[in-house]
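Model, not experiment: these values are computed from the prediction. The sequence lines fix the lettering, A, B, ..., with proteins before strands; numbering per chain opens at 1.
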Amino acid sequence: MYNTKEIEEKWIKYWEENQTFKTNLRDFEKPKYYALDMFPYPSGVGLHAGHPEGYTATDIVCRMKRMQGFNVLHPMGFDSFGLPAEQYAIKTGNHPGKFTEENIKTFTDQLKMLGLSYDWDLCISTSDSSYYKWTQWIFKNLYEDGLAKLVEMPVNWCEELGTVLANDEVIDGKSERGGFPVIRKNMKQWVIDIPKYAEKLLNGLEEIDWPESTKEIQRNWIGKSIGASVDFKIEGSSKTFTVFTTRCDTLFGATYCVLSPEHKLVDEITSEEQKEKVQEYKKICASKSELERTSINKEKTGVFTGAFAINPANNKSIPIWISDYVLASYGTGAIMAVPAHDERDYEFAKKFDLEIIPVIEQITGEKRENETSKKSIVAVLYDETKDKYLTLNWGNLGGRLFIGGTIEEGETEEECAIREIGEETGYTDIELITKILPINHHYYAYNKNQAYEIESTGFLFKLKSSKSIDNNLDKEEQNKFKLEWVDKKAIEKEVKDELHFTTFNNVLNPGAYTGNGKMINSEFLNGITNKQEAINKMLTYLEEHKIGKKQVNYKIREWIFARQRYWGEPIPIVHFEDGEMCALKDEDLPLVLPELEDYSPNKDGSSPLNKATSWVNINYNNRPGKLETSTMPGSAGSSWYFLRYIDPHNDKCLADKELLKHWMPVDLYVGGPEHAVGHLLYSRMWNHYLYDKGFVPTEEPFKKLVHQGMILGSNGIKMGKRYPEYSVNPNDIVNKYGADTLRFYEMFMGPLEADKPWNNDGVEGSKKFLDRVWRLYTEEEKISEEENKNLEKIYHQTVKKVTEDYESLNFNTAISAMMIFINAVYKENVFPLKYAENFIKLLNPIAPFITEELWQFLGHDKTISYEAWPTYDKEKIQDDLINVAVQVNGKLRGTMEVPVNTSNEELLRLAKELENVNKHLIDKEIIKEIVVPNKIVNIVIK
RNA sequence: GCAGGCGUGGCGAAAUUGGCAGACGCACUAGACUUAGGAUCUAGCGGAGCAAUCCAUGGGGGUUCAAGUCCCUUCGCCUGCACCA
């Protein structure tokens, strides 16, 4: 209909020549608004269909805010260090910088083509030495504050990529990029001590407006747990080791200890005869890749060291094992094992036949006053041939139960169970299958008028043959119940007794009991039923005896900060010949990457920078040394770029403090959810650090965060190499339909946060609507100085809805409101000029090109970008007449149009007059009448 | 396995505090204008039924005058974590 190409080129040129979107950063008069997009990695293929979505979303908000009088900061830049450019350089021998520069040019043109209102003067690239000077400067500060360190530690090594990777770059034991296997290897590495900031990063989440799911991911990643450290002595040695536990209340149940295979003490304590086995096991573990270690976690493995530890609670001697189910990197790399109350320990103990001591009893029934204590058993007898269980049907004396009885003097639980089975059922050819942990049961015997507390042990026996003896129980007792074999379903339905039912469940799924209960076998803790009370009491005991203390532990590990690659920020550190090192002085930054003949990695896995001998070997402070040759990871430059936009050309500091104070924090940050634990956590950490140093004004950098969803192919599957025929290139869409249509369509597809499949018919529809708007203004000749009362209400409603929806990023419903408005205008003959002008303003943030053109068409000669945003009149939105629904018994029987705020009585009267309502009321008794003013009437009849 | 999210027409989706389910758009159907229409306009469009009416928000149950919305339970899909002591 209209020539999109011509119009769009015209306005791109206009905005550029007039510097329409230049931000005066020092204008502190207007309120500020800082909207940020996650800057892209400038790959060779240019923008994909997903980019415009998030970028349009922030652009809409920015354009509205400008019109509302805000001073808006809306910058764009490039995360330009990274692997593809390096691989290109290896292949072609060209410098990756040139390649990167070309890609940035392509990206910039594409972004401009989309009509995004960035201030391009603020554009930054992380690979620009004037930018990475400050990345290096921050690193230097971290180093001097002891937060960046060179440490020997097990790291994720990827042979294929020839580099170390951070934890968030390893997915299921494979590299995030390329999917190559990753193994654990001890290496000297630069790390950043992000665990030092664990608590601050955790607390900071409380005050920011982020998606709850992302906060939860970060909380999980940080993984705080509160527990205790407990020291264990090694028998016959002066050595000790410490374990971390969240359940120190179960210490009396610790029947063995496990060290991780990498634990320092393993070699020292291993006995002569176990040495060979231990060495072999260690070797197997070391050679396992991360993938094998996690995926083969079904079956527990481990080896006894031959050494014993002393349980500090009861001085019992307990064996020390090693196993890879204990991780070297978490806690102290050693645990106390309480098989009765930890699933993993239970599994391990069962496999290696280690002792299991219960210290917590599951409680069933309700505790009463003056209980009498006794010990008893519950036995479940199973007949495999019939797949049925033996029950005693007591009728109204107690319903369906299993075999139960009280333990007699001098009898073990097992003996009691066998005796009771014999006495009550006569079966003798039975085999013990399972014995479960004791249950603490409370009940009241009405016939004896007595409350009981029993310690009940449950058993599962298998019937080997139906051989039975005539039992010697007296007939009177036996007549009270009937023996019945029933199936599982019947038991689940009919066994009501809590003890018997719980026993049944537990014997079928035997395992550790991890719930709350009553402490037993634990001396000074015995009888306690409150978990926290037991933990506190044990903590006091540990501290009094100086064998342990309260301890907080975090899952988050050090951020591995070095890559053996070329295309990254050089780490500004000099290693002197005597092993000392120092950071470069401020005036020696930036440390610029040298050019190389050959960018391929060295065979020994060392950084390509090693080849630049004249660069590496330097004399610093009159001492000969070598520059560090590892470079920083991709996440370095992106961890602070949002600060640099505020003052991108400053060569005195990372950004002017006064400007930072005015502009931080970022008001709206839009980007994909895939950065939840990488970039978004690292950025927060750097910002917290810079805040602590007094360089930035806020602890948290991103006040509000929103994740845009993925744009899927029309087949509903992620666009990409797999289904190129379903992929969409934004260039093609812009060429065919124009950038306005692309922006409009992507905003209309659905909620910003949702994943949405592409549908080309939808694009056509969006174009049709813009054409319809164009025709309304240029052909219909309805625009007039006259008023039109018919449009008043809908106009004000539209202004309200669009303004609110833009603010809350509900662009799809804002668009729907504008469509409703345009449909209404088409039905009228007069389109008042004021409405026509203001509608153009409402549409401008989504479709900037067509609206600039129509604004000009209406006789204006300047950009629309700074025209005042329309306001609405609340009074005019209110209807005089409204529709009220009338229901009979909750079913819609009619609607009526009544004046607003009609009284309840009147509403009811009118409702009953409605023909269709009346029909349903005839001969019926009204039992209730509900009236919700201005909404609904519901008449309930019988 | 644990945590979080989602499930509404043929499709993308709407639906303040529980208050007329399906707004808006696509596709589809019929009609108008046209030499023509993949343009435009008008009307229809969850299912069943001539209709009154009934049935419908993954399934089952509950709370309520009233449930897409709240509670319990179950199934399916997606995402994150995955031996975290």
*Tell me: CE of Met818(A) to P of G25(B), nearest whole Å?*
13 Å
*Is there a Watson-Crick or G-U wobble partner for G1(B) with both distances under 3.5 Å, and if so, which one is it?*
C81(B)
*Describe the nucleic acid contact of Asn889(A) in one word from base, sugar-phosphate, nothing, applying a heavy-atom distance below 4.0 Å.*
nothing
*Counting any heavy atom closer than 4.0 Å, what does Ile820(A) reach on the DNA or RNA strands: base, sugar-phosphate only, or nothing?*
sugar-phosphate
*Send over the distance from Arg557(A) CZ to A82(B) C1', rounded to a whole Å.*
12 Å
_Does Asp755(A) reach a base, just sugar-phosphate, or nothing at all? Heavy atoms under 4.0 Å._
sugar-phosphate
_Out of C65(B), U17(B), C24(B), whichever nucleotide has its closest atom nearest the side chain of Lys935(A)_ = U17(B)
*Name the nucleic acid region contacted by Gln887(A), choosing base, sugar-phosphate or nothing; use a 4.0 angstrom heavy-atom cut-off, strictly under.*
base
*Which whole-number value in Å describes the distance from Ile217(A) CD1 to G5(B) P?*
11 Å
_Classify Lys224(A) by what it touches in the nucleic acid, base, sugar-phosphate, or nothing, heavy-atom distance under 4.0 Å._
nothing
_It should be established whether Asn916(A) places a side-chain nitrogen or oxygen under 4.0 Å from OP1 or OP2 of nucleotide U53(B)._
yes
*asked:* Base, sugar-phosphate or nothing for Asn812(A)? Non-hydrogen atoms, less than 4.0 Å.
replied: sugar-phosphate
*Identify whether the distance between the nearest side-chain nitrogen and carboxylate oxygen of Glu905(A) and Arg909(A) falls below 4.0 Å.*
no
_Within 45° cone of Tyr325(A) ring axis and under 6.0 Å: Lys300(A) NZ or CZ_ = yes
*What nucleotide among C24(B), C65(B), C20(B) has an atom nearest to a side-chain atom of Ile936(A)?*
C20(B)
*Choose from G12(B), U53(B), A85(B) the nucleotide whose nearest atom is closest to any side-chain atom of Tyr330(A).*
A85(B)
*So, the side chain of Thr332(A) versus the backbone of Thr242(A): is there a donor-acceptor pair under 3.5 Å, distance only?*
yes
*Are Lys215(A) and Glu206(A) close enough for a salt bridge, meaning some N to O gap below 4.0 Å?*
no
_Under 3.5 Å on both distances, the Watson-Crick or G-U partner of U34(B)_ = none
_Options C41(B), G25(B), A14(B), nucleotide nearest the side-chain atoms of Phe748(A)_ = G25(B)
*asked:* Regarding Ser225(A), tell me which of base, sugar-phosphate or nothing describes its non-hydrogen contacts under 4.0 Å with the strands shown.
replied: sugar-phosphate
*For His341(A), which contact category applies under a 4.0 Å heavy-atom criterion: base, sugar-phosphate, or nothing?*
nothing
*Within the structure shown, what part of the strands sits under 4.0 Å from Val932(A) by heavy-atom distance: base, sugar-phosphate, or nothing?*
base
*What integer distance in Å separates Ile815(A):CD1 from A23(B):P?*
17 Å
*Between C41(B), C26(B), A85(B), which nucleotide gets closest to the side-chain atoms of Ile335(A)?*
A85(B)
_Nearest to the Lys891(A) side chain among C65(B), C54(B), C81(B), which nucleotide is it?_
C54(B)
*asked:* Looking only at the side chain of Pro751(A) (C-beta and beyond, no hydrogens), which of the listed nucleotides G80(B), C54(B), A14(B) gets closest?
replied: A14(B)
*asked:* By the rule that syn is within 90° of 0, classify the base conformation of G58(B) as syn or anti.
replied: anti
*asked:* Using a 6.0 Å cut-off, check whether atom NZ of Lys782(A) has over 12 heavy atoms from anything other than its own residue.
replied: yes
*Touch check for Pro673(A), heavy atoms < 4.0 angstrom, all strands: base, sugar-phosphate only, or nothing?*
nothing
*Side chains of Asn759(A) and Tyr745(A): donor-acceptor distance under 3.5 Å anywhere?*
no
*Touch check for Ser213(A), heavy atoms < 4.0 angstrom, all strands: base, sugar-phosphate only, or nothing?*
sugar-phosphate
*Taking CG from Leu907(A) and P from C65(B), how many angstroms apart are they, rounded to a whole number?*
21 Å
*Proximal nucleotide (of C24(B), C20(B), U53(B)) relative to the Arg893(A) side chain*: U53(B)
_Nearest-angstrom distance from the residue atom CG of Asn759(A) to C1' of G25(B)_ = 10 Å
*What is the distance from CG of Leu892(A) to P of C55(B), rounded to the nearest Å?*
14 Å
_One thing to verify: whether Glu216(A) and Arg219(A) come together as a salt bridge, which I'm taking to mean a side-chain N less than 4.0 angstrom from a carboxylate O._
yes
*Gap between atoms CG and C1', on Asp761(A) and G25(B) respectively (whole Å)*: 11 Å
*Which listed nucleotide (C83(B), A14(B), C26(B)) is nearest to the side chain of Thr813(A)?*
A14(B)
_Phosphate contact (C41(B) OP1 or OP2) by Arg772(A) side-chain N/O below 4.0 Å_ = yes
